[in-house]
Amino acid sequence: MSGHLKVSKYLVLATVIGIVAGSCKARKEAETVTVKTTTTGTGTTATATVSTGKKEGIKKFRDLIPEKTKVNKGLFNTYKVDGKYYYEIPDSVLGREMLVVTRLAKTPANIKVSNEQYGGEEANEQVWKWEKHDKQVFLRVPSFSIRADSASDMYKSVKNSNLDAVLASFEVKAYNKDTTGVVIDVTDFYGGDVAAIGIPDELKKFYKISALDNSRSYIDTIKSFPINIEARTLKTYRSSESPTDNSNGAITFELNTSMLLLPKAPMKPRLRDDRVGFFGQSQTDYGTDAQKAEVTSYIHRWKLEPKDEAAYERGELVEPKKQIVFYIDPATPKKWVPYLIAGINDWQKAFEAAGFKNAIVGKEAPTPKEDPDFSTEDARYAVVRYFASDVENAYGPHVSDPRTGEILESHVGWYHNVMELPHHNW
């Protein structure tokens, strides 16, 4: 081989490697470059192949979560490392059903979509189950529109036609220190445009929203408590129309997603009788004695159990094991707080007719000094929310266990102009 050919070969090879190496800086570090050279009588040909490397494997816990990282202990231990949020999911709660409620924590002014206008209103509600499969964790969404009792001969058939949807999947990043749980990265999930934990479709259509703008969005906090996790986000959506200023080209919301562990042993449901005025839910039931599918309905009710069962059986008024507590929104004008509390307490008479005393009570929300973790969006708490609205209205939605109808919390909406109603209707 002539000296000229050798020089040409190395020049070509060096040039190709330089170009490929430069382009690889913009690629993921996991990619590898293979250069193949072929020498013929007319010269040298160099071919570069870029291939994606193997996925990052499961790390040791200490390599993923540094020793000094602050742990937020609760339903899932949560960690924040270099801007990323991690869930440590115990094996003991894999497969458990969890109620998930997403609320609009703060909204822009002049929203025109009904029931999605004010901070505190509900955006979406689902039940989630976290399931592990090999080296992944899947987030499943069960449906309760059709059912059959687990002891029924129809149970298996119903399950075969009622498959839980997969909302999201996560790679297992590590096992916890004693290998009784897995660690996953939930940053992209909570920070992304996931319909289940974002603004409702009605808002997107009304304001002609095209996409989430990640550069103007972020996860504010993710906090874990014994039976729930609260995730707070700010999300900015690209929009050709705005309730405030079209020149922004966007609309921004703060959202709060509560994930609440449902009771392992569900409350016994009570069938609804249309002659009595209860809110409720309906489902198609294949597990009844009838030789056909029947639509059954459960009432929505608080789970009140007597502290003293013997006294209750004797017909005496007794206190419940768990009192119904409604907190007054801290945003409520102070002069109205005592009257709202008195209005809630007036309902004690109604519960006395059912054998319970002090069953329901209104309270001022704790201050940040008294309870820094208290949030009106927390799915554990029933709240009377105060809306800065010129609408003459009030309403009282609640969140219930879709398996049984048990009321878990309620968010009463109290509009600033509600006292105009008596002038028109009372």
Side-chain angles (χ1 to χ4, degrees), residues 74-75 98-101 103 105 118-122 125 223-230 256-263 266-267 270 278-279 299-309 311-312 317-387 394-401 404-415 418:
L75 176 61
M98 303 179 189
L99 183 68
V100 180
V101 181
R103 294 188 180 278
Y118 310 108
E121 295 196 289
E122 186 176 315
E125 184 179 322
K223 297 181 180 180
S224 191
F225 301 94
I227 61 169
N228 63 304
I229 293 177
E230 304 295 319
N256 189 91
T257 297
S258 298
M259 184 175 70
L260 178 69
L261 183 66
L262 289 173
M267 180 188 76
R270 181 175 295 174
F278 281 98
F279 289 109
I299 67 170
H300 290 169
R301 63 190 179 107
W302 297 95
K303 185 178 181 180
L304 288 178
E305 299 174 303
K307 279 184 180 179
D308 188 337
E309 293 185 10
Y312 186 76
L317 288 178
V318 299
E319 292 187 341
K321 291 180 180 178
K322 183 180 179 182
Q323 192 179 44
I324 302 168
V325 179
F326 273 87
Y327 291 99
I328 308 302
D329 187 347
T332 304
K334 293 297 182 184
K335 63 181 178 180
W336 301 128
V337 172
Y339 300 101
L340 290 171
I341 290 176
I344 295 167
N345 292 342
D346 279 348
W347 278 94
Q348 291 178 3
K349 287 290 183 183
F351 286 95
E352 286 175 4
F356 293 96
K357 64 180 179 181
N358 301 321
I360 185 171
V361 65
K363 292 183 178 181
E364 287 193 56
T367 65
K369 186 176 181 180
E370 292 169 336
D371 185 354
D373 292 322
F374 179 86
S375 169
T376 51
E377 283 80 40
D378 192 324
R380 293 174 296 171
Y381 303 126
V383 179
V384 177
R385 296 300 300 259
Y386 200 94
F387 298 149
Y395 70 108
H398 58 266
V399 173
S400 59
D401 186 336
T404 63
E406 178 187 354
I407 297 175
L408 301 172
E409 58 102 332
S410 175
H411 269 59
V412 173
W414 187 269
Y415 293 66
V418 69

Distance in Å, Asn345 CG paired with Lys363 NZ, rounded so as to fall on 0.5 Å steps: 10.5 Å
Please say whether more than 12 non-hydrogen atoms of neighbouring residues, nucleotides or ligands are located less than 6.0 Å from CZ in Arg270. no
Any Lys/Arg nitrogen of Arg103 or Glu409 sitting under 4.0 Å from an Asp/Glu carboxylate oxygen of the other? yes
From Leu262 atom CG to Leu260 atom CG, the distance as rounded to the nearest 0.5 Å: 6.0 Å
4.5 Å side-chain heavy-atom contact, Asp401 and Leu99: no
Would the number of heavy atoms belonging to other residues, nucleotides or ligands and lying under 6.0 Å from CH2 of Trp302 be above 12? yes
Quick one: pull up NZ in Lys223 and CD1 in Ile229 and give me the separation to the nearest 0.5 Å. 13.5 Å
Quick check: do Ile227 and Leu75 have side-chain heavy atoms less than 4.5 Å from each other? no
Answer yes or no: are there more than 12 heavy-atom neighbours, outside Phe279 itself, under 6.0 Å from its atom CZ? no
In Å, rounded to the nearest 0.5 Å, how long is the span from CD of Glu230 to CZ of Arg380? 7.0 Å
Salt-bridged, Glu406 to Lys303, with N to O below 4.0 Å? no
Give, for atom NZ of Lys321 and atom CG of Asp308, the distance between the pair rounded to the nearest 0.5 Å. 10.5 Å
Is it true that Arg385 and Glu377 make a salt bridge, defined as a side-chain N closer than 4.0 Å to a carboxylate O? yes
Kindly compute the distance separating CD (Glu305) from OH (Tyr312), expressed to the nearest 0.5 Å. 10.5 Å
Start with the C-alpha distance between Asp378 and Asn228, add both sets of side-chain angles, then the distance that settles side-chain contact (heavy atoms from CB on, under 4.5 Å), and finish with yes or no. CA-CA 8 Å; Asp378 192 324; Asn228 63 304; 3.0 Å; yes
Any side-chain heavy-atom pair from Thr376 and Tyr327 closer than 4.5 angstrom? no
Report the residues that fulfil ring-ring contact (aromatic ring centres under 6.0 Å, His included) with Tyr118, sequence neighbours left out, ordered by chain and then residue number. Phe387, Tyr415
